[in-house]
Engineer: 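The following block contains the structure, expressed as structure tokens.
On a predicted model such as this, the values are computed, not experimentally measured, just so you know.
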Amino acid sequence: MYTLMEWVTDAYKALELSEQTPNEPIRFNDIFLCPATAPFTTIDRVFNAEIDKFTLATGAAYEATMYRDALKNGLYDFQISRDGYREFASATGMHPTLVRKWITRQVIQLCPITPHWSEHVWKTIMGNTDSIMNARWPTDLPATADHALIAAGDYIRSMISSVRVAEVTIEKRIKKKGGKSAPADEFNPKAPKSLDVFVAGEFPAWQESVISVLKEYFDVATAKFDDKQIVITMNQRGIAKQNKKAMSFAQDIKKRVSLIGPSAFDRALNFKEIDVLGELKPYLKSNLKYDEVTIIDLAQDNDLSEAQAKAADNAVPGEPSFLIANVQ
């Protein structure tokens, strides 16, 4: 709690500076804020949606007297969300409006569990004259969480993780070769590097065919699949022969349906993938240390090299593929 209080102290000092120069970015110790007058980016909107999501969950937990869940949503998950936002916005700065909102919500959410800590932060650091005991639970909450923006946040985290895993895999492959000298065209992790991100506009036809069969033999009333008929139909239509991944893909979709219901059949994205990736470029350059980052929309750009075409073949909507290379 002391570490959190230190962060809040620095953040409020940065917010005071931001109020004095709202058109300028602010740096104070480890706090980096974008200009207060800047419009929200997609990353900002995702964080705003996550703040509301966890406040809603915290309030519901308190109502049900489930204090462990209240602490999980209102403190631990709440801070994980802030840490992710701080990382993704490290190249451009956190938005002052959202930093203030996060702090206010955090202090109020913790008040039933840490009243003395909350009172100190509320009055001494935040400058309120009235006691936090008189503060009201946030009234500007949406009825439900914005699941489209929450999905965009999950997409961002998954995409960053995939890039890191891809680079680690390349480095491990190079180390296995021991001290042998690498070919001139092989990736050198110590040299300037580039990242091509391939974004697909539509799903492969064979995947749509698989989903069509699964929907055909899914009983909504019992929430069960006719597995025998699915295999027969896929073989009759030649789907399994067209792509060796068809059966594995079918199993993945069936698992998703068992978890979240028939909505798993609808894989349409609720956000613009190209726009989100465009806003992530500064982060990819500064934090993942790429000298060049290129976002390639496969629906618009077909002029690819042989290596790019091979990498792009694995891209589907919501799951971009990558090509990591040295800057030419």
Side-chain angles (χ1 to χ4, degrees), residues 1-15 29-31 40 43-89 94-158 160-161 256 258-261 263-264:
M1 297 304 292
Y2 182 76
T3 301
L4 175 58
M5 185 169 63
E6 282 189 321
W7 188 87
V8 171
T9 300
D10 285 351
Y12 248 78
K13 289 180 179 177
L15 288 171
N29 291 340
D30 292 332
I31 308 298
F40 278 5
I43 293 172
D44 293 332
R45 292 194 296 273
V46 166
F47 182 51
N48 189 45
E50 290 182 347
I51 291 176
D52 288 340
K53 170 191 171 183
F54 289 121
T55 300
L56 285 167
T58 303
Y62 277 135
E63 288 284 346
T65 64
M66 299 175 68
Y67 298 111
R68 179 181 295 178
D69 288 347
L71 191 61
K72 177 181 181 298
N73 288 291
L75 175 62
Y76 300 121
D77 289 344
F78 207 61
Q79 290 196 43
I80 289 172
S81 176
R82 177 209 60 184
D83 292 344
Y85 173 60
R86 180 172 53 182
E87 179 182 353
F88 297 140
M94 299 179 290
H95 203 289
T97 299
L98 296 178
V99 172
R100 190 181 301 276
K101 177 178 179 176
W102 186 91
I103 292 172
T104 302
R105 293 277 184 90
Q106 178 67 104
V107 176
I108 291 175
Q109 288 166 189
L110 285 177
C111 185
I113 298 174
T114 60
H116 296 92
W117 181 91
S118 296
E119 180 77 3
H120 172 74
V121 174
W122 184 257
K123 297 182 74 173
T124 306
I125 299 176
M126 298 175 65
N128 294 292
T129 56
D130 200 9
S131 172
I132 194 173
M133 299 303 170
N134 296 322
R136 307 291 296 175
W137 191 257
T139 58
D140 58 343
L141 286 167
T144 59
D146 190 328
H147 296 293
L149 283 172
I150 299 300
D154 293 339
Y155 169 86
I156 290 171
R157 294 183 181 90
S158 175
I160 296 299
S161 175
R256 290 180 59 193
S258 68
L259 290 173
I260 65 175
S263 61

Engineer: On a heavy-atom basis, which atom in Leu149 and which in Ala49 lie closest, and how many Å separate them?
Structural biologist: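 In this case the closest contact between Leu149 and Ala49 is CB-CB, 3.8 Å.
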Engineer: For Asp30, does the CG atom have more than 12 heavy-atom neighbours from other residues, nucleotides or ligands under 6.0 Å away?
Structural biologist: no
Engineer: Can you measure from CD1 (Ile125) to CE (Met5) and round to the nearest 0.5 angstrom?
Structural biologist: 5.5 Å
Engineer: May I ask you to test the Ile150-Val46 pair for a side-chain heavy-atom distance under 4.5 Å?
Structural biologist: no
Engineer: Drop me the distance from Thr9's OG1 to Trp7's CH2, to the nearest 0.5 angstrom.
Structural biologist: 10.5 Å
Engineer: Count the heavy atoms of every other residue, nucleotide or ligand shown that sit under 6.0 Å from OH of Tyr76, and state whether that count exceeds 12.
Structural biologist: no
Engineer: Between CD1 of Ile113 and CG of Leu75, what distance do you get to the nearest 0.5 Å?
Structural biologist: 8.0 Å
Engineer: With Thr104, which residues qualify under side-chain hydrogen bond (donor to acceptor under 3.5 Å, both in side chains), at least two apart?
Structural biologist: none
Engineer: Under 6.0 Å from the six-membered ring centre of Phe54 and within 45° of its axis: does the NZ or CZ of Arg82 meet both?
Structural biologist: no
Engineer: Main chain of Ile31, side chain of Asn29: is a donor-acceptor contact present, judged purely on distance under 3.5 Å?
Structural biologist: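 A pair under 3.5 Å: no.
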Engineer: Answer yes or no: is there an ion pair linking Lys72 with Asp69, defined by an N-O contact shorter than 4.0 Å?
Structural biologist: no
Engineer: Taking all non-hydrogen atoms of both residues, which atom of Ala70 and which atom of Ala61 are closest, and how far apart?
Structural biologist: N-CB, 3.5 Å
Engineer: Out of curiosity, Asp10 CG to Glu6 CD, how far, rounded to the nearest 0.5 Å?
Structural biologist: 7.5 Å
Engineer: Can you tell me if NZ on Lys13 sees more than 12 non-hydrogen neighbours from other groups inside 6.0 Å?
Structural biologist: no
Engineer: Is the centre of the Tyr85 ring less than 6.0 Å from the centre of the Trp102 ring?
Structural biologist: no
Engineer: Checking Glu63 against Thr58 for the side-chain contact (heavy atoms from CB on, under 4.5 Å) test, could you report, in this order, the C-alpha distance in whole Å, the side-chain angles of both residues, the deciding distance, and whether it holds?
Structural biologist: CA-CA 9 Å; Glu63 288 284 346; Thr58 303; over 6 Å; no
Engineer: Do Val99 and Tyr12 have side chains that approach each other closer than 4.5 Å (heavy atoms only, starting at C-beta)?
Structural biologist: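 Result no, sub-4.5 Å side-chain heavy-atom pair not found.
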Engineer: Do Arg157 and Glu50 meet the salt-bridge criterion of a basic N to acidic O distance under 4.0 Å?
Structural biologist: yes
Engineer: Distance from Thr144 atom OG1 to Asp146 atom CG, nearest 0.5 Å?
Structural biologist: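 Rounded to the nearest 0.5 Å, the OG1-CG separation comes to 8.0 Å.
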Engineer: What's the shortest heavy-atom distance between Gln109 and Tyr62, and which atoms?
Structural biologist: O-OH, 2.6 Å
Engineer: Report, one line per pair, each donor and acceptor closer than 3.5 Å where one atom sits in a side chain of residues 131-142; sequence neighbours left out.
Structural biologist:
unit_1: Ser131; atom_1: OG; unit_2: Glu119; atom_2: OE1; d: 3.0
unit_1: Ser131; atom_1: OG; unit_2: Glu119; atom_2: OE2; d: 3.2
unit_1: Ser131; atom_1: OG; unit_2: Met133; atom_2: N; d: 3.0
unit_1: Asn134; atom_1: ND2; unit_2: Asp130; atom_2: OD1; d: 2.9
unit_1: Asn134; atom_1: ND2; unit_2: Asp130; atom_2: OD2; d: 3.3
unit_1: Asp140; atom_1: OD1; unit_2: Arg105; atom_2: NH2; d: 3.0

Engineer: Using the rule given for side-chain contact (heavy atoms from CB on, under 4.5 Å), can you reason through Phe78 versus Thr55, listing the C-alpha separation, both sets of side-chain angles and the distance that settles it, and then say yes or no?
Structural biologist: CA-CA 8 Å; Phe78 207 61; Thr55 300; 4.1 Å; yes
Engineer: Checking Asn128 side chain against Lys123 main chain: does a donor-acceptor pair fall under 3.5 Å?
Structural biologist: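 Answer holds: no.
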Engineer: So do Phe47 and His95 actually touch side chain to side chain, heavy atoms under 4.5 Å?
Structural biologist: no
Engineer: What pair of heavy atoms forms the shortest contact from Leu110 to Leu4, and how long is it?
Structural biologist: CD1-CD2, 4.2 Å
Engineer: Working to the nearest 0.5 Å, report the span between CD1 of Ile51 and OG of Ser81.
Structural biologist: 6.5 Å
Engineer: As a quick check of understanding, evaluate side-chain contact (heavy atoms from CB on, under 4.5 Å) for Gln106 and Gln79, giving each step before the final call.
Structural biologist: CA-CA 9 Å; Gln106 178 67 104; Gln79 290 196 43; 3.7 Å; yes
